[in-house]
Engineer: 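I am attaching a structure below and will ask some questions about it afterwards.
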Amino acid sequence: MSRDGEPDLLYREPYPLNRDLLASARLHLQHAVFVNGLGYLLHPAVPVGPASHVADIATGTGIFALALAAAHPEARVEASDISLAQVPAQHWWPANATFAVLDVFQDPLPASLLARYDVLCLRHFVSLQPGDPRPLIARLLAMLRPGGYLHWQEWDLTTAAVFAPDGTSTPKMQALIDYIKHPARHAAQATWVGDLHQRVAAGEVPGVELVAYDRVRAAKPAVVAMQQELMALGTKEVVASLRAREGEASVEAAKFEKIAHDAVDECLSLGRGPVIDQEMVTWVLRKK
């Protein structure tokens, strides 16, 4: 969205997190939570064959693209991000994967990327796209061949809740959730995460059809510890990002740091019994 609320392909929210080693570790944990929580890397409705050309947009550390390349050695995987600071050195790239700098918001998109891919993957983009996602979807569709698939995954932070043993009181962890869900936060603004599937099915998103839609909670024995660690690492990143800004953001950093610190301490003091969990959402869209 533009700063005045109108759709604008050129505007993005500032990236709110970091690109250091701890940030990379947090992304790797997030990847593990999704794969183990969902039971798949790529939704089974997405076909990948020997000649498939797959894109991973906003690749971050490249963990998803590298896993795709390993799972589909016959396919060609091209990953991109506005920065490759977190991607492994080229020496470690598999033969069927490449990484390049790309700003998906740039206008126009490079002609070489138009109608190039059979599958395009995007994850955890809600921090950059809290408003209407349709202009971004139109850009992504331009990069797909007719009949190509868009595979998009997000946390739905509006569904965040504390899961704890019966009778356990977790007011500090609930305070963190309340902060995240405040109307001024991204979670409250990104209402499209809750209804995008309905809007596609109703024909409100031009040029695509809904092939699959999953909404799953991650909380299970294999991932609970990772979710707790994500809470600690993610909140530290947000605090550091807020502190790097001037004015009200730096004041907000101190407030959020106290709330997050208390929530993590509460979790630890309760023997890591409670966990904050939110639904993982997957959309598979096919270009008409």
Side-chain angles (χ1 to χ4, degrees), residues 15 19 21 23-106 108-125 128 136-137 139-154 208 211-212 214 222-223 226 280-288:
Y15 184 62
R19 296 189 185 274
L21 291 176
S24 294
R26 191 259 311 162
L27 287 175
H28 292 153
L29 277 172
Q30 189 165 262
H31 172 81
V33 168
F34 260 70
V35 173
N36 286 281
L38 292 171
Y40 57 80
L41 177 69
L42 196 65
H43 194 283
V46 179
V48 177
S52 292
H53 201 169
V54 183
D56 180 32
I57 304 297
T59 193
T61 66
I63 184 67
F64 184 80
L66 293 170
L68 274 178
H72 301 281
E74 76 287 358
R76 184 176 166 194
V77 178
E78 293 183 1
S80 61
D81 204 316
I82 198 169
S83 168
L84 299 185
Q86 294 169 278
V87 170
Q90 189 170 354
H91 170 77
W92 298 107
W93 299 357
N96 65 327
T98 58
F99 295 84
V101 173
L102 173 68
D103 180 358
V104 74
F105 289 92
Q106 74 182 70
L109 285 167
S112 61
L113 297 183
L114 300 180
R116 180 178 180 86
Y117 300 108
D118 301 295
V119 178
L120 192 149
C121 303
L122 185 72
R123 301 198 303 172
H124 312 309
F125 214 72
L128 301 180
L136 175 59
I137 290 173
R139 305 211 116 214
L140 301 174
L141 291 179
M143 300 168 68
L144 281 172
R145 295 167 180 161
Y149 290 79
L150 172 59
H151 183 268
W152 194 341
Q153 294 179 309
E154 296 285 352
V208 295
V211 175
D214 274 356
V223 300
M226 288 186 281
M280 302 175 293
V281 186
T282 302
W283 302 271
V284 178
L285 310 180
R286 191 177 73 87
K287 181 177 179 178
K288 293 179 179 178

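Heads up: numbering here begins at 1 and tracks the sequence.
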Engineer: Taking side chain as C-beta onward, heavy atoms only, is Val208 less than 4.5 Å from Leu150?
Structural biologist: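 They are not in contact (no side-chain heavy atoms under 4.5 Å apart), so the answer is no.
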
Engineer: Can you tell me how far CG of Leu109 sits from CE of Met143, rounded to the nearest 0.5 angstrom?
Structural biologist: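 Separation between the atoms: 6.0 Å.
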
Engineer: Does any part of the side chain of Phe64, heavy atoms only, come nearer than 4.5 Å to the side chain of Leu41, both counted from C-beta?
Structural biologist: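 Side-chain contact under 4.5 Å: yes.
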
Engineer: Could you check whether any side-chain heavy atom of Asp81 comes within less than 4.5 Å of a side-chain heavy atom of Gln86, counting everything from C-beta outward?
Structural biologist: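 No; the side chains remain at least 4.5 Å from each other.
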
Engineer: Taking the side chain as every heavy atom from C-beta outward, state whether Ile137 and Trp283 have any atom pair closer than 4.5 Å.
Structural biologist: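 The answer is no; the side chains never approach within 4.5 Å.
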
Engineer: Could you check His151, Glu154, His31 and say which one makes a side-chain hydrogen bond (donor to acceptor under 3.5 Å, both in side chains) with Arg123?
Structural biologist: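 So the option named by the test is His31.
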
Engineer: Are any of the side-chain heavy atoms of Ile57 and Ser80 separated by less than 4.5 Å?
Structural biologist: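 Touching, per the 4.5 Å side-chain cut-off.
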
Engineer: Flag the pair Phe34 / His124 as yes when their ring centroid distance falls below 6.0 Å, and as no otherwise.
Structural biologist: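 Aromatic pair counts; centres sit under 6.0 Å.
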
Engineer: Looking at every heavy atom in both Met226 and Ala32, which two are closest together, and how far apart are they?
Structural biologist: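 Answer, listing the atom of Met226 first, then Ala32: SD-CB, 3.6 Å.
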
Engineer: Under 3.5 Å, which donor-acceptor pairs link side chains of residues 46-53 to any protein atom two or more places apart or in another chain?
Structural biologist:
{"unit_1": "Ser52", "atom_1": "OG", "unit_2": "Gly49", "atom_2": "N", "d": "2.7"}
{"unit_1": "Ser52", "atom_1": "OG", "unit_2": "Gly49", "atom_2": "O", "d": "3.3"}
{"unit_1": "His53", "atom_1": "ND1", "unit_2": "Arg116", "atom_2": "O", "d": "3.4"}
{"unit_1": "His53", "atom_1": "NE2", "unit_2": "Glu78", "atom_2": "OE2", "d": "2.9"}

Engineer: If you measure from CZ on Arg139 to CG on Leu114, what distance do you get to the nearest 0.5 Å?
Structural biologist: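 Atom-to-atom, Arg139:CZ and Leu114:CG are 9.5 Å apart.
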
Engineer: If you measure from OG1 on Thr59 to CG on Leu102, what distance do you get to the nearest 0.5 Å?
Structural biologist: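 Going from OG1 on Thr59 over to CG on Leu102, the span is 11.5 Å.
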
Engineer: What are the two closest heavy atoms between Ala85 and Arg19, and how far apart are they?
Structural biologist: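 Answer, listing the atom of Ala85 first, then Arg19: CB-CD, 4.4 Å.
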
Engineer: Looking at Thr61 and Pro88, what are the two nearest heavy atoms and their distance?
Structural biologist: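 What the structure gives for the nearest pair is O-CD, 3.3 Å.
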
Engineer: If every non-hydrogen atom of Leu128 is compared with every non-hydrogen atom of Phe105, which pair is closest and at what distance?
Structural biologist: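 Looks like O-CZ, 4.4 Å.
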
Engineer: Are the side chains of Arg26 and His28 in contact, using a 4.5 Å heavy-atom criterion?
Structural biologist: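 Result no, sub-4.5 Å side-chain heavy-atom pair not found.
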
Engineer: How close do Ala45 and Tyr149 get, heavy atom to heavy atom, and via which atoms?
Structural biologist: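 Shortest heavy-atom separation between Ala45 and Tyr149 comes out as O-CE2, 3.8 Å.
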
Engineer: Please report the closest heavy-atom contact between Val223 and Gly37, naming both atoms and the distance.
Structural biologist: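 Looks like CG1-N, 4.1 Å.
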
Engineer: Using side-chain heavy atoms (C-beta onward) and a distance below 4.5 Å, is Leu141 in contact with Leu285?
Structural biologist: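 SC-SC contact between Leu141 and Leu285 ruled out.
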
Engineer: For the pair Leu27 and Gln30, evaluate side-chain contact (heavy atoms from CB on, under 4.5 Å) and give the outcome as yes or no after the intermediate values.
Structural biologist: CA-CA 5 Å; Leu27 287 175; Gln30 189 165 262; 3.9 Å; yes

Engineer: His72 vs Val54, test: side-chain contact (heavy atoms from CB on, under 4.5 Å). Steps then yes/no.
Structural biologist: CA-CA 10 Å; His72 301 281; Val54 183; over 6 Å; no

Engineer: Take Leu140 and Phe125 through the test side-chain contact (heavy atoms from CB on, under 4.5 Å) and record every step on the way to the result.
Structural biologist: CA-CA 13 Å; Leu140 301 174; Phe125 214 72; over 6 Å; no

Engineer: Test: side-chain hydrogen bond (donor to acceptor under 3.5 Å, both in side chains). Region: residues 87-96. Which pairs qualify, not counting sequence neighbours?
Structural biologist: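 Residue pairs passing side-chain hydrogen bond (donor to acceptor under 3.5 Å, both in side chains), neighbours aside: none found.
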
